[in-house]
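For reference, the structure discussed in these notes is given below.
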Amino acid sequence: MSKPEVGADRGPRSHRAEMASKLLQRLRSTPLKEERGPGPPDEPPESAELVDDTEGLSLRLSGTLSLSEDSLASQESDGMGTSYLGSDGHGVLPLTESKSQDENSSYTLLTKQLREMWERSQNVRIPIRLTFEVTDANIVQDAHAKYVLYTIYLLQTGQYDPSPAYISCRYSDLYHLKRRLLALFPSEMRGVSFPCKRVRKNFTPETIAKRSRAFEQFLCHVASLPALRASSAFLNFFYLRDIQKAQALTCAGLYKLALPIWTNSWRLQEKLCPSGPSTHRLLVLAGLVVCHQELDTLEEAQAFSERAVALLQDAQDKHISLLVPFLNAHIQLSWRVGIDKRESEALLQRLQETGHYNHNVPSLKEFLVKETIS
């Protein structure tokens, strides 16, 4: 007679208890940080390298288990079947008689709890704020100087950010931004700290790491002050040079090189000043429409032209001279991708009747060539 398989007659509760035991063993083996009381803030890291903690993370996030007293009760077997003792020491029904009823009630309760948690989560608003993160720092040696080039990403916390934006800058760039803001907003900048200049050891890993952390704190502090964040000095620091570079590439017909710069400039503007049409904002939209159209990505070109038309309609008469070029582009692109264009045609007709339209209106490409960015 063959031997029965080990554990063949064990019920679901026994299996869950075994899984719980294994999970608790794994969690105990995961190293935990020691609890610390209040004290001075942590020192910046001594190295700018990132630590790969994939294995430890997978252990910590391997699952969440909730155990009641009944599920941890002692188990006995009389050789004929499986019976259980509750927390009060009295026996409960064999698993074969109570399994279906217990499981159905457990599933119903779990479903109800999950539904209530989901409904509560829909009413909770997570604040969205802008944060800055130095992701890379490279030592650059050119014909004129040696310096560290920092790559700083702009991220929105509180939600998934599918389109992060970034800038690349030197210590001197951020130092000039600080001096400019200090001259314009002396009272607001009084409490904003900035890393000091150093004569020696500017290229050691310790200095680069500490400056990276200080730059993050400096930019987060400035961005948290409405007057500073909305200032042209702060905004132009992030995207003015990129717009000028993208404009030059577009005018030279180098659309593939210009498009990523236009795209990053648009993402920067969306994070820094998401509302209201400005000349720089409309210029970036014009660059995106022109480059996507020239590269035959017509759906993207149509979407950006539609975004520009919506912004210009909200602005009323402030940028009325740019509404007609964007409308012309939007009508043409909508026709090419098979999207209804009658609303834009009706708006163009109303502009013509009110005297805002004439046949000498420049195209978006001509607007990019003629516009002076400052």
Take L347 and E343 through the side chain to side chain contact (heavy atoms under 4.5 Å, CB included) test and state the conclusion after the steps.
CA-CA 6 Å; L347 178 57; E343 186 175 345; 6.0 Å; no
Look only at the side chain of E306 and the backbone of H330, and say whether a donor-acceptor pair between them is shorter than 3.5 Å.
no
Tell me whether D173 contacts the main-chain N or O of R170 through its side chain, where contact means a donor paired with an acceptor under 3.5 Å.
yes
Carefully, step by step, assess R281 and R307 under the rule side chain to side chain contact (heavy atoms under 4.5 Å, CB included).
CA-CA 11 Å; R281 216 165 147 74; R307 182 66 182 271; 3.8 Å; yes
Mind listing the closest non-hydrogen atom pair of L272 and L130 along with its distance?
CD2-CD2, 3.7 Å
Using a distance-only test with no angle check, is there a side-chain donor-acceptor pair under 3.5 angstrom linking Q349 and E345?
no
Once you round to the nearest 0.5 Å, how far does CZ of R198 lie from OG1 of T204?
6.0 Å
Distance in Å, L312 CG paired with L323 CG, rounded so as to fall on 0.5 Å steps:
5.5 Å
Please check if Y175 and I152 belong to a single hydrophobic cluster, counting links between Ile, Leu, Val, Met, Phe, Trp and Tyr side chain heavy atoms closer than 4.5 Å.
yes
Are L257 and I167 connected in a single hydrophobic cluster, I mean Ile/Leu/Val/Met/Phe/Trp/Tyr linked by side-chain heavy atoms less than 4.5 Å apart?
no
Taking salt bridge (charged side-chain N to carboxylate O under 4.0 Å, His left out) as the test, write out the residues that go with R267, two or more places apart.
none
Compare all side-chain heavy atoms of N202 with those of R211 and state whether any distance is below 4.5 angstrom.
yes
As a quick check of understanding, evaluate side chain to side chain contact (heavy atoms under 4.5 Å, CB included) for L283 and F367, giving each step before the final call.
CA-CA 8 Å; L283 186 68; F367 164 67; 3.7 Å; yes
For F234, all residues meeting ring pair (Phe, Tyr, Trp, His ring centres under 6.0 Å), sequence neighbours excluded:
F238
ILVMFWY network linking V369 to L364, side-chain heavy atoms under 4.5 angstrom
no
If we ignore hydrogens and angles and just use 3.5 Å, is the side chain of S305 paired with the main-chain N or O of Q302 as donor and acceptor?
yes
Side-chain donor/acceptor of E371 to backbone N/O of Q247, under 3.5 Å:
no
S168 side, atom OG; N264 side, atom CG - distance, nearest 0.5 Å:
9.0 Å
Using every non-hydrogen atom in the two residues, find where A165 and L268 come nearest and quote the distance to one decimal.
CB-CD2, 3.5 Å
For residues 176-212, the ring-ring contact (aromatic ring centres under 6.0 Å, His included) pairs (sequence neighbours left out) are Y171-F194, F194-F215, F194-F218
Count I, L, V, M, F, W, Y as connected when their side-chain heavy atoms are under 4.5 Å apart, and connections chain through other members. Are I243 and Y166 then in the same cluster?
no
Could you please spell out the steps behind the side chain to side chain contact (heavy atoms under 4.5 Å, CB included) verdict for S363 and N328?
CA-CA 8 Å; S363 65; N328 285 330; over 6 Å; no
Do W262 and L298 belong to the same hydrophobic cluster, where Ile, Leu, Val, Met, Phe, Trp and Tyr are linked whenever their side-chain heavy atoms lie under 4.5 Å apart, directly or via other members?
yes
